[in-house]
Asker: 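Supplied in structure tokens, the structure appears directly below.
The chains referred to below are lettered A, B, ... by the order of the sequence lines, with proteins before strands, and numbering in each begins at 1.
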Protein chains: 2
Amino acid sequence: MPAKENLRPGGRSARVQASVHNAVQSLLKSMDRADVTIPLIAAEAGVTPSTIYRRWGELQELLADVAVERLRPDMLPIDTGSARGDLEVWTEQYCEEMSSGIGRDMMRDVLAAQDNANACKCDAFTREQIALIADRARDRGEYFPDIDAVMDGVVAPIIYRILFGEMPSIERVRDLVTNVLAAASTRPPRPASAPISG
Amino acid sequence: MPAKENLRPGGRSARVQASVHNAVQSLLKSMDRADVTIPLIAAEAGVTPSTIYRRWGELQELLADVAVERLRPDMLPIDTGSARGDLEVWTEQYCEEMSSGIGRDMMRDVLAAQDNANACKCDAFTREQIALIADRARDRGEYFPDIDAVMDGVVAPIIYRILFGEMPSIERVRDLVTNVLAAASTRPPRPASAPISG
DNA sequence: TCCATTAACGCAAATTATTTGCTTTTAGCG
DNA sequence: CGCTAAAAGCAAATAATTTGCGTTAATGGA
């Protein structure tokens, strides 16, 4: 299950990794994911299959590895001038990305892998984006809820519905934001969680 | 991707399915899930591998199929005499089951499958259990929140955290229940969601 | 009850994927 | 610049998956 951590960062090793990642993305665009195999990826990347087997072990791990890179936020949350606006806009965009076919597939890939490190990374990405919005709100002197409250109140319901079969409507998403902002000003912060082992 | 729907319900076909399901459960108990293969399951079940390939297509679909059966609730929510008590007890038990190694593996199996019908089933199971608690509350004349509010406020945060790396503490779980019950009596019901296509 | 129909199964051969032992290349470092 | 070992390539061995075809038996109608 070791993926791209603790490997030689330079030269050929990095080139191979990039080439394999590109090959995966390219193949996923042009064909059904059920037909993507490791020998196929290897051919597309110009690498021998055993290299992929030794580095990623299974297709699932490689797909998770590629997916988490694509899920990494590539821009700052839009600054609308208010905490509510920032959170609303960010949430709507997040929901749209995640509920698209590609977003759902990537999430599935990340969750399907044996190694849950990639899932943790995705959670961290989301928290970072919300933290940026929160910081901005505090700089403006606005109140903003705890990150955990936003994760529970906004992110979790959206992701749950996407994973378990219903896509949330835009009205519901706005509602979630409204409720978490309303609750924030009337409830004390909540206790923290414990990290999971396996 | 057709799993066990629209197949001949009687005799041999049903026997084979039961035998394969049992074989999967038995093997998952005695060995690492990464080492469970279709030929192995076939041998344990006393069937030929091609039968499994033709019926389930991939190991992932079979695992999802078995997992969803194990996730089906096998008893009514405990009646504690009050809506709050019922929901608290049910939630704590649900959280415990889902965050155990077996529960997480089963959820992973269900979500990893191409076919999301099994995931929808799991969602439906959960909603049914909550609906039973809600019905009981109404029979007693107690107010009870909308099922969707409980899914968003209690179930989704628990599942999100289990999937994305943190196990919720019992205090947080109680908090979620408290909040959804508090909100229920002060907020109007929310609009419904739209089903997902793919 | 018996027969016709056909879905589902079993078997085995063909194909494809995965693992493994060994050799070659090259990144990292003194 | 040369050493060392991690990572890659290659090819043979093993294992999984697909497929064609004959057999079994569930279902439905006479």
Asker: Quick one: L59(A) CG to dA17(C) C1', roughly how many Å, whole number?
Answerer: 11 Å

Asker: Rounded to the nearest Å, what distance is computed from the CD1 atom of residue I52(B) to the P atom of nucleotide dC9(C)?
Answerer: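 In whole Å, dC9(C) P lies 10 Å from I52(B) CD1.
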
Asker: Given dC11(C), dC10(D), dC9(C), identify the nucleotide with an atom nearest to the side chain of T48(A).
Answerer: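 Nucleotide nearest to T48(A)'s side chain: dC10(D).
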
Asker: Mind calculating the distance between CD (Q17(A)) and P (dT26(C)) to the nearest angstrom?
Answerer: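 The distance from CD of Q17(A) to P of dT26(C) comes to 18 Å, rounded to the nearest Å.
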
Asker: Counting side-chain heavy atoms from C-beta on, which of dA26(D), dG9(D), dA16(D) comes nearest to P39(B)?
Answerer: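 The listed nucleotide nearest to P39(B)'s side chain is dA16(D).
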
Asker: Roughly, in whole Å, what's the span from CD in Q60(B) to P in dA16(D)?
Answerer: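 Going from CD in Q60(B) over to P in dA16(D) covers 17 Å.
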
Asker: OP1 or OP2 of dA7(D) versus the side-chain N and O atoms of S13(A): is any pair under 4.0 Å?
Answerer: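 It does not, given that no N or O in the side chain of S13(A) lies less than 4.0 Å from OP1 or OP2 of dA7(D).
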
Asker: Does either side chain, that of Q114(B) or that of R33(A), offer a donor lying less than 3.5 Å from an acceptor on the other one?
Answerer: no

Asker: For R15(A) and dA7(D), give me the distance from atom CZ to atom P, rounded to whole Å.
Answerer: 15 Å

Asker: I need the OH-P distance between Y53(B) and dG20(D), as an integer number of Å.
Answerer: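 Value for this atom pair: 17 Å.
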
Asker: Looking at R55(B), does any N or O in its side chain come under 4.0 Å of the phosphate oxygens OP1/OP2 on dC9(C)?
Answerer: yes

Asker: Side-chain donor or acceptor of R12(B) under 3.5 Å from a matching atom on the base of dG10(C)?
Answerer: no

Asker: Please check if atom CD in Q25(A) has more than 12 non-hydrogen atoms from other residues, nucleotides or ligands closer than 6.0 Å.
Answerer: yes

Asker: Looking only at side-chain atoms of S50(A), point me to the closest of dT17(D), dC10(D), dC9(C).
Answerer: dC10(D)

Asker: Please check if V20(B) and Y53(B) belong to a single hydrophobic cluster, counting links between Ile, Leu, Val, Met, Phe, Trp and Tyr side chain heavy atoms closer than 4.5 Å.
Answerer: yes

Asker: Should the pair R140(A)-D86(A) be classified as a salt bridge under the 4.0 Å nitrogen-to-oxygen rule?
Answerer: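 Salt bridge present between R140(A) and D86(A).
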
Asker: Give the rounded distance in Å between these two atoms: CG of L62(B) and C1' of dA16(D).
Answerer: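 Those two atoms, CG and C1', are 15 Å apart.
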
Asker: Quick one: do R127(B) and E166(A) satisfy salt bridge (Lys or Arg N to Asp or Glu O under 4.0 Å)? Show the steps, please.
Answerer: CA-CA 13 Å; R127(B) 286 173 182 272; E166(A) 301 172 37; 3.2 Å; yes

Asker: Given atom CZ of R54(B) and atom C1' of dA12(C), what is their separation to the nearest angstrom?
Answerer: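 Spelled out: CZ on R54(B) to C1' on dA12(C) is 12 Å.
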
